[in-house]
Amino acid sequence: MGGAAEVWQTPLTYLKGVGPKRAEVLKEELGLETYQDLAEYFPRRYLDYKEVTPIVQARPDQEAVFRGRLGSFQVRPLPGGKRALLVSTLYDGQAWIELVWYQGWDWVRQKFAPGQEVLVIGRPRYIKRTLQIPHPEIFPLSEAAQLQKLLRVHPVYPLTEKVRQSGLDDKRFRMLFEELYRQTGFEMEDPIPEHVRQAFDLLPLSEALRAIHLPTSVEEAEKARHRFKFQEFFFLQVLLIRRKYFLKSQYTAPAFAQVGPLVHEFYKKHLPFPLTEAQKRVIKEIRRDMALPVPMNRLIQGDVGSGKTIVALFAALIAIGNGYQVALMAPTEVLAEQHARSFRKWLSPLGLAVGLLMGSTPSAQKRRILSQLASGEMPCVIGTHALFQKNVVYHRLGLTIIDEQHKFGVKQRAALWEKAHPHRPHNLLLTATPIPRTLALSVYGDVDVSIIDQLPPGRQPVKTLVRTEAHRREVWNLLRAELQKGRQAYIIYPLVEESEKLDLKAVEEGYELIRQAFPEFSVGMLHGKMPSERKEREMQLFKLGHTQILVGTTVVEVGVDVPNATVLIVEHADRFGLSQLHQLRGRVGRGQHPSYAIFMAPNDLSEAALERLRALLQYNDGFRISEIDLKLRGPGDFLGTKQSGLPEFKIADIIEDQAILRQARQAAEDLVAQDPSLALYPALQRYLTEYATKHSLELFTA
Ligand code: ADP
Ligand code: MG
């Protein structure tokens, strides 16, 4: 928030109740330095004094409100004899809990008597297996005047032990906000334009700050939280939508008003299967985009096996049919090769050449491809990072297709786009890691999203099992039975970047183990560190059925389409993300035979971790799974923070608050359409600049 008034920049030392020592702790522990920082430090939840917790449900470290009768008071000397503590109990008819005061407790004994009914607020903890509340806040129930105050809700802030030790416990921390309110009245310039506030029924900033920190009711506090959630989404959306706006207004792309002759020819004569309704819809969306003289920027999300490749082919046919070139980029050579095979199969009947350009391409071949791309003879090239290297020149690049787009950085994607001249190309991005729609809106706020939410007909559901080491025999038996029927299997080991060497060893050992366990079958191995000819050879051997078992890392994840493979075993499944496991599962179930995905976990895996894996038993829908995955891991982890560039949300929850996100997006769209420069909204501009700097986001200006 960009408070204009200087008071907001005052260091917290100057706030009554803080002082230099505590200021230091607040800075170190919570990152709070100024009045403004404190104002923006939001409570995690609220205690409503009307909601009394039964003492049997008291939990350590969970601040709660209890109600009961006081027991007798005991003064116990502390070792050393100088000081003593006061102990009592609270009993609510079912259970009791200890109350302890270490100092300054004279008033307690003066004011309260054993047997009296009271409300107690505090954070229980265990001392020698006894649950007790140290320094509880305590109120007599009989005092009518107090009751009014008691009925107020109290915010609970996330505090650390060091903060508490510095003397700022829950109660004293709350009091800082009363002081802050006294000094500032929470007067701060509101970045959300008034007409937006009115349209979406949002509290003005000052009122919201007061209500979030010093609420008089839970409803009011909720209203304030709602406003700040909206604000958080709104800032990000305005930034993203402006980026989209300026990209579209700054660059032109070739307009393909007609789909051209190739689309019709392919559709009439060479279509290998009827398209699903979802595929048709997405192709239409692409057609519409490519007819315009602004660069298409469309992300296709579709579950594994939903048939994204042929959709991409239609986009390619439009570009080529209009005399332009197409570049399709994939993150791995295995995947690039697979696309090249599909595209060659589909394009050769039309008399179109498809080049394959990768790091491992022999240099003579490379030279030939480069010259044909430069001259325009080659209409379509497929490859890896090699496609955007310096030496690659395109004659007329009209479309780029990026598969598994999240595996590329922003700069790499841009490097490919910059190969086009004088126009920008149309861009099609593909991903088989579907992310929940609302997250897509907020991460990819600057792209248009199409969803293929339907699988081609006739797919066999994959039977999913979660097994621990204890069931190894059973798993091997199942595998053997399938192999004896003539089927094939994948066995996948994790490969995490930090420990690549170790993991590689695991794959190699696994390979040896399998060879010994299944001497009657031939076993292949595939991992990313192999030279690409060997990878290609291993893949071919497996595809042709010469090897029955392929032991590998997740390079298999995106690589292969082998309908005869019916068993997938993932070792150490607990080390994979759910979405990734779901993707792996998509490697089987591609033919007419029933298939199995078996996720292996160590014997000592915690129940919570097993539960996570079991989500895969329950759901077979990549979107649903990604939602769970996202919930468990948080957006940063889920997307890989680096690539997503998505800031952490402080108060908004990307899953729970989808409705608010939609509203914020709507508001941002309207605002940018009406005033892209935001000249009418200087306060918003100031806040956005601050927000963008803080989160290292690009700030687009006219
Ligand atoms: P993904 O979306 O995972 O990239 P692919 O494009 O590789 O999926 O398609 C998976 C398989 O389904 C391929 O063998 C493809 O030829 C086939 N396929 C795609 N669309 C259809 C369809 N409409 N009908 C039948 N099979 C299809
Ligand atoms: Mg694919």
Side-chain angles (χ1 to χ4, degrees), residues 263 266-267 270-286 298-317 328-349 354 356 382-384 400-408 428-435 449-462 488 490 539 542-543 554-566 568 579-593 595 597 620-623 625-626:
V263 170
F266 182 81
Y267 198 86
H270 306 290
L271 195 66
F273 34 68
L275 299 174
T276 64
E277 287 308 311
Q279 285 171 322
K280 285 189 207 161
R281 171 170 43 78
V282 173
I283 291 170
K284 253 188 219 141
E285 287 164 350
I286 292 170
R298 186 167 284 279
L299 174 75
I300 313 275
Q301 291 199 60
D303 215 340
V304 269
S306 63
K308 293 181 289 296
T309 321
I310 196 138
V311 169
L313 179 90
F314 273 91
L317 291 171
L328 190 167
M329 184 160 76
T332 62
E333 299 207 340
V334 173
L335 189 55
E337 282 158 0
Q338 167 137 331
H339 281 311
R341 269 193 298 274
S342 307
F343 268 58
R344 279 178 178 150
K345 187 175 70 198
W346 290 327
L347 292 181
S348 63
V354 176
L356 178 60
I382 293 177
T384 54
T400 66
I401 303 167
I402 302 184
D403 196 13
E404 297 300 315
Q405 62 86 30
H406 58 280
K407 301 241 164 100
F408 293 96
L428 192 60
L429 309 164
L430 310 180
T431 179
T433 313
I435 60 178
V449 178
S450 290
I451 295 183
I452 307 185
D453 48 6
Q454 190 179 13
L455 293 181
R459 288 281 158 82
Q460 291 262 2
V462 177
Q488 290 164 282
Y490 301 103
M539 288 294 319
F542 189 68
K543 276 197 131 172
T554 47
V555 282
V556 176
E557 175 185 325
V558 284
V560 272
D561 183 15
V562 180
N564 190 46
T566 58
L568 168 86
S579 296
Q580 204 178 12
L581 290 172
H582 176 68
Q583 282 230 328
L584 283 166
R585 177 162 62 181
R587 295 304 105 202
V588 294
R590 300 171 85 89
Q592 79 259 35
H593 307 290
S595 298
N620 196 23
D621 166 358
F623 284 95
I625 286 167
S626 72

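Remember, it's 1-based here, ligands and their atoms both numbered in the order they're listed. Quick caveat: nothing in here was measured; it's all calculated off a predicted structure.
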*So do the side chains of Val311 and Leu430 get within less than 4.5 Å of each other, counting heavy atoms only?*
no
*Output yes when the distance from some N or O of ligand 1 to some N or O of Pro274 is under 3.5 Å, and no in every other case.*
yes
*When you measure from atom 2 (O) of ligand 1 to every protein heavy atom, which one gives the shortest distance, and what is it?*
Lys308 NZ, 2.7 Å
*So which bit of Ser342 gets within less than 4.0 Å of ligand 1, heavy atoms only: side chain, backbone, both or neither?*
neither
_Between Asp303 and His582, do the side chains contain a donor N or O and an acceptor N or O under 3.5 Å apart?_
yes
*Taking all heavy atoms of Ile300 and all of Lys308, pick out the closest pair and write down the distance.*
O-CD, 4.1 Å
_Contact check, Arg590 vs ligand 1, heavy-atom distance below 4.0 Å_ = yes
*Please confirm whether Pro563 comes under 4.0 Å of ligand 1, counting heavy atoms of the residue only.*
no
*For atom 6 (O) of ligand 1, grab the closest protein heavy atom and report residue, atom and distance to one decimal in Å.*
Thr309 OG1, 2.5 Å
*Heavy-atom closest contact (Gln279 atom, Gly307 atom, distance)*: NE2-O, 2.9 Å
*Looking at atom 12 (O) of ligand 1, what's its closest protein heavy atom, distance included?*
Arg459 NH2, 2.7 Å
*What do you reckon, does Gly307 have a nitrogen or oxygen under 3.5 Å from a nitrogen or oxygen of ligand 1?*
yes
_Thr276: numbered ligand 1 atoms lying under 4.0 Å from its heavy atoms_ = 23 (N)
*Would you say Gly305 contacts ligand 1, with heavy atoms under 4.0 Å as the rule?*
yes
*Indicate the ring-plane relationship of Tyr490 and Phe542, choosing parallel, tilted or perpendicular according to the 30° and 60° boundaries.*
tilted
*Return yes or no for this condition: an N or O of Trp346 is under 3.5 Å from an N or O of ligand 1.*
no
*Identify the protein heavy atom lying closest to atom 19 (C) of ligand 1, giving its residue, its atom name and the separation to 0.1 Å.*
Phe273 CZ, 3.5 Å
_Glu333 and Thr384: side chain donor to acceptor below 3.5 Å_ = no
_Counting non-hydrogen protein atoms only, what is the nearest one to atom 13 (C) of ligand 1? Give residue, atom name and distance._
Asp561 OD2, 3.8 Å
*Decide yes or no for Phe314 and Val282: does some side-chain heavy atom of the first lie under 4.5 Å from some side-chain heavy atom of the second?*
no
*Against heavy atoms of Ser306, which atoms of ligand 1 measure under 4.0 Å?*
2 (O), 8 (O)
*Among all protein heavy atoms, pick the one closest to atom 20 (N) of ligand 1 and tell me residue, atom and distance.*
Gln279 NE2, 3.0 Å
*Region of Leu275 engaging ligand 1 - heavy atom pairs below 4.0 Å*: backbone
